[in-house]
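Have a look at this one.
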Amino acid sequence: MRYWLFKSEPNSFSFDDLRAETNQTTGWDGVRNYQARNFLRDDVHSGDLILFYHSNAEPAVIAGIAEVVGEAEPDPTAFDPKSKYFDPKSNPDLPVWFQVAIRAVRSVDPPLSLHLLRSRPELAEMELLRKGSRLSVQPIQKNEWDAIMRLIDADTHTQPSQPRTLRKRSQGTK
DNA sequence: GCCAACGTTGGC
DNA sequence: GCCAACGTTGGC
């Protein structure tokens, strides 16, 4: 089982958009970079877990966690002349581009900002934090994943829960 | 909107 | 195979 970070621009496809899909699942199509393609085709497998990252966003954040729910298959958008991801180099007999299906697991609320990730020494080696890093499918090391899960847990617990008065009321009398 | 960093293309 | 020109990404 491996861990990954997938980038998406939220004004194009956000984590909430993923959650709104049927079965909260979608094909991760449109990847048009060879290094990312190789990861998708060769190394990403069913059951792997994904940090769903919002790039080109204010702020840029990890917005959710998803999982891989199938093995790689040819990216059908590459065959579709009407798609903005159409690529005549790819055809069903010899596909160039691949996708995997991913399903939302949970949102990260509040989301974890890029700024916070940068502040953590244990994450200093993350590909995402490298200057000039543009790779849209990145491997995440287990120690990085674990550190990020701790940040998520810590952050979630410092969130104000329901206003006290409201909580009391909802607990009823006794 | 700016622009640095990066990937791709294509002439040679 | 080199590399300049170009297009894209993505933080700021």
Side-chain angles (χ1 to χ4, degrees), chain A residues 2-21 26-44 48-68 72-102 104-141 143-145 147-152 154-155:
Chain A
R2 299 182 72 176
Y3 304 100
W4 305 94
L5 180 145
F6 284 17
K7 286 184 188 172
S8 186
E9 304 195 9
N11 55 14
S12 161
F13 190 83
S14 70
F15 189 72
D16 279 345
D17 292 332
L18 175 60
R19 297 213 301 167
E21 295 278 329
T26 197
W28 201 250
D29 57 25
V31 171
R32 295 292 180 270
N33 167 282
Y34 286 99
Q35 197 180 351
R37 185 281 310 267
N38 292 347
F39 282 135
L40 287 182
R41 185 191 56 190
D42 305 333
D43 300 317
V44 175
D48 289 359
L49 291 170
I50 299 163
L51 301 171
F52 194 108
Y53 178 76
H54 283 175
S55 61
N56 246 318
E58 187 52 52
V61 293
I62 293 170
I65 294 171
E67 71 178 316
V68 180
E73 54 188 308
D75 179 345
T77 63
F79 310 141
D80 176 5
K82 293 188 299 294
S83 168
K84 67 170 174 171
Y85 300 122
F86 175 62
D87 184 349
K89 289 197 301 295
S90 192
N91 65 78
D93 292 331
L94 205 62
V96 174
W97 304 114
F98 289 79
Q99 67 172 17
V100 296
I102 74 168
V105 172
R106 55 167 289 200
S107 58
V108 170
D109 190 20
L112 263 199
S113 69
L114 177 62
H115 181 79
L116 179 65
L117 298 178
R118 283 198 197 286
S119 75
R120 307 302 307 187
E122 66 271 32
L123 298 178
E125 300 301 311
M126 272 185 79
E127 167 71 21
L128 180 72
L129 306 183
R130 277 214 177 81
K131 184 184 172 90
S133 165
R134 287 170 33 172
L135 195 54
S136 65
V137 173
Q138 307 179 358
I140 297 289
Q141 306 307 312
N143 68 308
E144 295 166 347
W145 178 272
I148 289 167
M149 292 306 113
R150 286 195 297 272
L151 290 175
I152 289 172
D155 228 21

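Letters go in sequence order (proteins before strands), and every chain restarts at 1.
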Study note, to complete from the structure: With sequence neighbours left out, the residues meeting ring-ring contact (aromatic ring centres under 6.0 Å, His included) with A/Phe52 are A/Phe15, A/Trp28, A/His54
Please tabulate, one pair per line, each protein N/O and nucleotide N/O from nucleotides 10-12 of chain C that are separated by under 3.5 Å, including the distance.
| residue | atom | partner | partner atom | Å |
| --- | --- | --- | --- | --- |
| C/dG10 | OP1 | A/Lys7 | NZ | 2.8 |
| C/dG10 | OP1 | A/Arg134 | O | 2.8 |
| C/dG10 | N7 | A/Asn56 | ND2 | 3.3 |
| C/dG11 | OP1 | A/Tyr53 | OH | 2.7 |
| C/dG11 | OP2 | A/Asn56 | N | 3.0 |

Point to revise | Distance, rounded to the nearest Å, where A/Lys131 contributes NZ and B/dA4 contributes P | key: 9 Å
Practice item. Taking A/Glu127 for its side chain and A/Ser133 for its backbone only, find out whether a donor-acceptor pair lies under 3.5 Å. Key: no
Exercise for review: Can you run down the salt bridge (Lys or Arg N to Asp or Glu O under 4.0 Å) pairs that involve residues 30-42 of chain A, sequence neighbours left out, and say none if there aren't any?
Suggested key: A/Arg32-A/Asp75
Check your understanding: Among pairs that include at least one residue of residues 55-68 of chain A, which meet side chain to side chain donor-acceptor pair (under 3.5 Å), considering only residues two or more places apart or in two chains?
Key -> A/Glu9-A/Asn56, A/Glu67-A/Arg103
Review point. Does A/Glu122 have any side chain to side chain donor-acceptor pair (under 3.5 Å) partners at least two apart in sequence or in another chain, and if so, which?
Key: A/Arg120
Check your understanding: To the nearest Å, how far apart are A/Asn33 CG and C/dG7 C1'?
Key -> 14 Å
Revision key, fill the gap. Ordered by number, residues from residues 80-91 of chain A within less than 4.0 Å of DNA chain B (heavy atoms) are none
Check your understanding: Taking only residues two or more places apart in sequence, or in another chain, which ones meet A/Asp16 in a salt bridge (Lys or Arg N to Asp or Glu O under 4.0 Å)?
Key -> A/Arg19
Exercise for review: Could you pull out all residues at least two apart from A/Phe13 that satisfy ring-ring contact (aromatic ring centres under 6.0 Å, His included)?
Suggested key: none
Give every donor-acceptor pair under 3.5 Å between a side-chain atom in residues 90-99 of chain A and any protein atom, sequence neighbours left out.
| residue | atom | partner | partner atom | Å |
| --- | --- | --- | --- | --- |
| A/Ser90 | OG | A/Val96 | N | 2.8 |
| A/Asn91 | OD1 | A/Asp93 | N | 2.9 |
| A/Asn91 | OD1 | A/Leu94 | N | 3.0 |
| A/Trp97 | NE1 | A/Asp87 | OD2 | 2.7 |

